[in-house]
Amino acid sequence: MKLLNYALVYRRFLLVVFTILVFLPLPLIIRTKEAQCAYILFVIAIFWITEALPLSITALLPGLMFPMFGIMRSSQVASAYFKDFHLLLIGVICLATSIEKWNLHKRIALRMVMMVGVNPAWLTLGFMSSTAFLSMWLSNTSTAAMVMPIVEAVAQQIISAEAEAEATQMTYFNESAAHGLDIDETVIGQETNEKKEKTKPALGSSHDKGKVSRKMETEKNAVTGAKYRSRKDHMMCKLMCLSVAYSSTIGGLTTITGTSTNLIFSEHFNTRYPNCRCLNFGSWFLFSFPVALILLLLSWIWLQWLYLGFNFKMFKCGKTKTLKEKACAEVIKQEYEKLGPMRYQEIVTLVIFIVMALLWFSRDPGFVTGWSVLFSEYPGYVTDSTVALVAGILFFLIPAKKVTKMTSAGEIIAFDYTPLITWKEFQSFMPWDIAILVGGGFALADGCQVSGLSNWIGSKLSPLGSLPVWLIILISSLIVTSLTEVASNPATITILFPILSPLAEAIQVNPLQILLPSTLCTSFAFLLPVANPPNAIVFSYGHLKVIDMVKAGLGVNILGVAVVMLGMFTWIDPMFNLHEYPSWAPNFVNQTMP
């Protein structure tokens, strides 16, 4: 028993040692570069899935193991750890830092909720829409962390308003009854006994009011102590929590910068297929926005049906509001008024944000000539990271407020200014662990390419070419969706990209046809609280149980895979000519010919 206890305490250490030793015969017996790289891939994949070591520490292992096995030089591996992706990430984090520092994100969220109204169904859709919109530009985690306190305040206000409404109605009923009794006794009774008779009801009335007052206090205490007055209140809290968690993930699908998995895929793809210039901010948005929009609406309907029941009355847009809706509108209005008028810093941040988005969209939209034609002498040199860096530098340059001091004469003068964000603030927001993790993924992919492991995997997977393409896409999407529930999203895409790319090349299918749906499905971690940070954030509020997330998340997972499959064979296919094997992809048949 004591030995078992020690094993549990040191399980991570034992798992690291066990994994290294179990797979060690592979490079010792099969002395090829492919086998040595496969050993490194297995070890890193297991460490990433089990998190026996921190993800970013595991990501540094290629820098240690590739030189030791003679697969790549240390200088070559090191160069993979900083790519164009990191420059784009730096610019985006500068934007996110300024948005959150000056509370622009809260103003946007509350304003969008106020626009859709306070009907429970529309209120939920309002929170989902604002959360998804913010998640397009901010990290999914920070978006969920920002919106959840607002949602919690609204939910508790609704519950309190219902309790007060019931208590008020009871008070009114008792006072009316006492007043009616008083009138009857005045008419029937003698004038000599009138004062006595009237005194009794008055005392009774006062006594009833005391009861009502204590009743109201009991209701209020019950609401404070136990969060829910009824099952319906509990269901409403669950609905709002899950709507925030899922919409923050869905919103991240729509832009390359919306989530780390999109960025990782984009950099991997552009590195492996440098001649394909079909993926940029604009083209990604055009194919992913319909996917996210459809999935958001279907998820809203699914959650409504699951927790509050679905009927067409929920879509009513009339002007008559219930007490609950008035209370909800009031708390949202109060939260918005606390922000005060829009400040100079918020306006500047919003302007930079809009300009950056427009420059991203118009750089090379595909259907018209973009502004990148101005640099036609150097094709491919200017990328989305160029725009992000320009915007990022502006945040450190534009003044936010003056720094003043008092002179010896008692005069206050300005001697310096503080920019919109400082380096210290930027550092606190910058996800360095993700930056290292992505770099490790790039190094791992380079090692698989140099060692020949990618080609070996492709040759072994080529028999899958006999299956219908739609079935291959469905299988790969389901595998990715399942794996991402137990492994981090960045680790999942990093592990599977070196496998799925050779698969597409081996069966002569456009790599985008397999890689795009797999990348989108990597974000479909809806089942468990530990599957992604937004799930964990909403779970921490105590309204949900694990079974609630499993039940709701399974439905959203199925809807997500179905919508992605629909998109791949409708609007996405003609955008990238997915039915043809492209010239920018390597011809695997020619590579394997003797």
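Below, each value reflects all heavy atoms present in this structure, side chains not excepted, and no hydrogens, waters or symmetry copies. In this text the structure is predicted, and so the values were computed from the model without any measurement.
From Leu88, atom CG reaches atom OG of Ser266 across 8.0 Å, with rounding to the nearest 0.5 Å. In this structure, CZ on Arg272 lies 4.0 Å from CD on Glu505, to the nearest 0.5 angstrom. One distance of note links CG of Leu239 with CH2 of Trp305; it measures 13.5 Å at 0.5 Å rounding. Rounding to the nearest 0.5 angstrom, the gap separating the CG atom in Leu41 from the CE atom in Met65 is 10.5 Å. Atom CD1 of Ile301 is separated from atom OG1 of Thr124 by 12.5 Å, given to the nearest 0.5 angstrom. Note that CZ of Phe18 is 14.0 Å distant from CZ of Phe13, once rounded to the nearest 0.5 Å.
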* To do: List the steps, then state whether ring pair (Phe, Tyr, Trp, His ring centres under 6.0 Å) holds for Trp470 with Phe569.
  => CA-CA 9 Å; Trp470 69 266; Phe569 292 98; 8.3 Å; no
* Show the numbers, then the answer: is there a side chain to side chain contact (heavy atoms under 4.5 Å, CB included) between Thr494 and Ile44? => CA-CA 11 Å; Thr494 305; Ile44 292 175; over 6 Å; no
* Quick one: do Trp360 and Thr255 satisfy side chain to side chain contact (heavy atoms under 4.5 Å, CB included)? Show the steps, please. => CA-CA 10 Å; Trp360 272 337; Thr255 60; over 6 Å; no
* To do: Please report the C-alpha distance between Phe426 and Cys94 in whole Å, then the side-chain angles of each, then the deciding distance to 0.1 Å, and finally whether the side chain to side chain contact (heavy atoms under 4.5 Å, CB included) criterion is met.
  => CA-CA 6 Å; Phe426 167 78; Cys94 289; 3.8 Å; yes
* Please assess Phe265 against Trp284 for the test side chain to side chain contact (heavy atoms under 4.5 Å, CB included), listing each intermediate value before the final yes or no. => CA-CA 12 Å; Phe265 163 74; Trp284 183 280; 3.6 Å; yes
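Screening Val556, Leu242, Leu559 for a side-chain contact (heavy atoms from CB on, under 4.5 Å) with Phe526, the sole residue that qualifies is Val556. When the options Ser247, Ser135, Ser260, Ser248 are evaluated for a side chain to side chain donor-acceptor pair (under 3.5 Å) with Asn140, the one that passes is Ser135.
Using modelled atom types, no side-chain atom of Tyr246 and backbone atom of Met128 make a donor-acceptor pair closer than 3.5 Å. In terms of modelled atom types and a separation under 3.5 Å, the side chain of Ser283 and the main chain of Cys278 share a donor-acceptor contact. In this structure a side-chain-to-backbone donor-acceptor pair under 3.5 Å is missing from Trp48 to Thr492. Between the side chain of Thr386 and the backbone N or O of Thr383 there is at least one donor-acceptor pair closer than 3.5 Å. Between the side chain of Lys83 and the backbone N or O of His268, no donor-acceptor pair lies under 3.5 Å. Side-chain atoms of Tyr39 come within 3.5 Å of backbone N or O of Ile20 as a donor-acceptor pair. In this structure a side-chain-to-backbone donor-acceptor pair under 3.5 Å is present from Ser243 to Met240. Put simply, the side chain of Ser501 gets close to the backbone of Phe497: a donor and an acceptor are under 3.5 Å apart.
Residues Leu60 and Ile436 form a side-chain contact, since some pair of their non-hydrogen atoms from C-beta on lies under 4.5 Å apart. Annotation: side chain of Leu295 is in contact with side chain of Phe524 (closest heavy-atom distance under 4.5 Å). By the 4.5 Å heavy-atom criterion applied to side chains, Phe66 and Ser74 are not counted as neighbours. Taking the side chain as every heavy atom from C-beta outward, Leu279 and Leu512 approach each other to under 4.5 Å. Using a 4.5 Å heavy-atom cutoff, the side chains of Leu61 and Leu64 are in contact. Inter-residue side-chain proximity for Ser518 and Leu496 is flagged as unmet; no heavy-atom pair is nearer than 4.5 Å.
Scanning all heavy atoms of the two residues, the minimum distance from Ile30 to Ala35 falls at O-CB, 3.2 Å. The two residues Phe69 and Pro27 make their nearest non-hydrogen contact at CE2-CB, 4.0 Å. Of all heavy-atom pairs spanning Val16 and Ala52, the tightest one is CG2-CB, 3.9 Å. The minimum heavy-atom distance between Cys241 and His543, with the atom names listed, is SG-CD2, 3.5 Å. Closest heavy-atom contact between Leu87 and Leu389: O-CD2, 3.8 Å. Closest approach of Phe47 to Leu15, counting heavy atoms only: CE2-O, 4.4 Å.
Side-chain contact check for Asp84 and Ser385: at least one donor-acceptor pair (N or O, by modelled atom type) lies under 3.5 Å.
Under the 30°/60° scheme for interplanar angles, the aromatic rings of Phe287 and Phe576 are found to stand perpendicular. Using cut-offs of 30° and 60° for the angle between ring planes, the Trp137 and Phe133 rings count as perpendicular.
A 6.0 Å sphere centred on OH of Tyr10 holds no more than 12 heavy atoms belonging to other residues, nucleotides or ligands.
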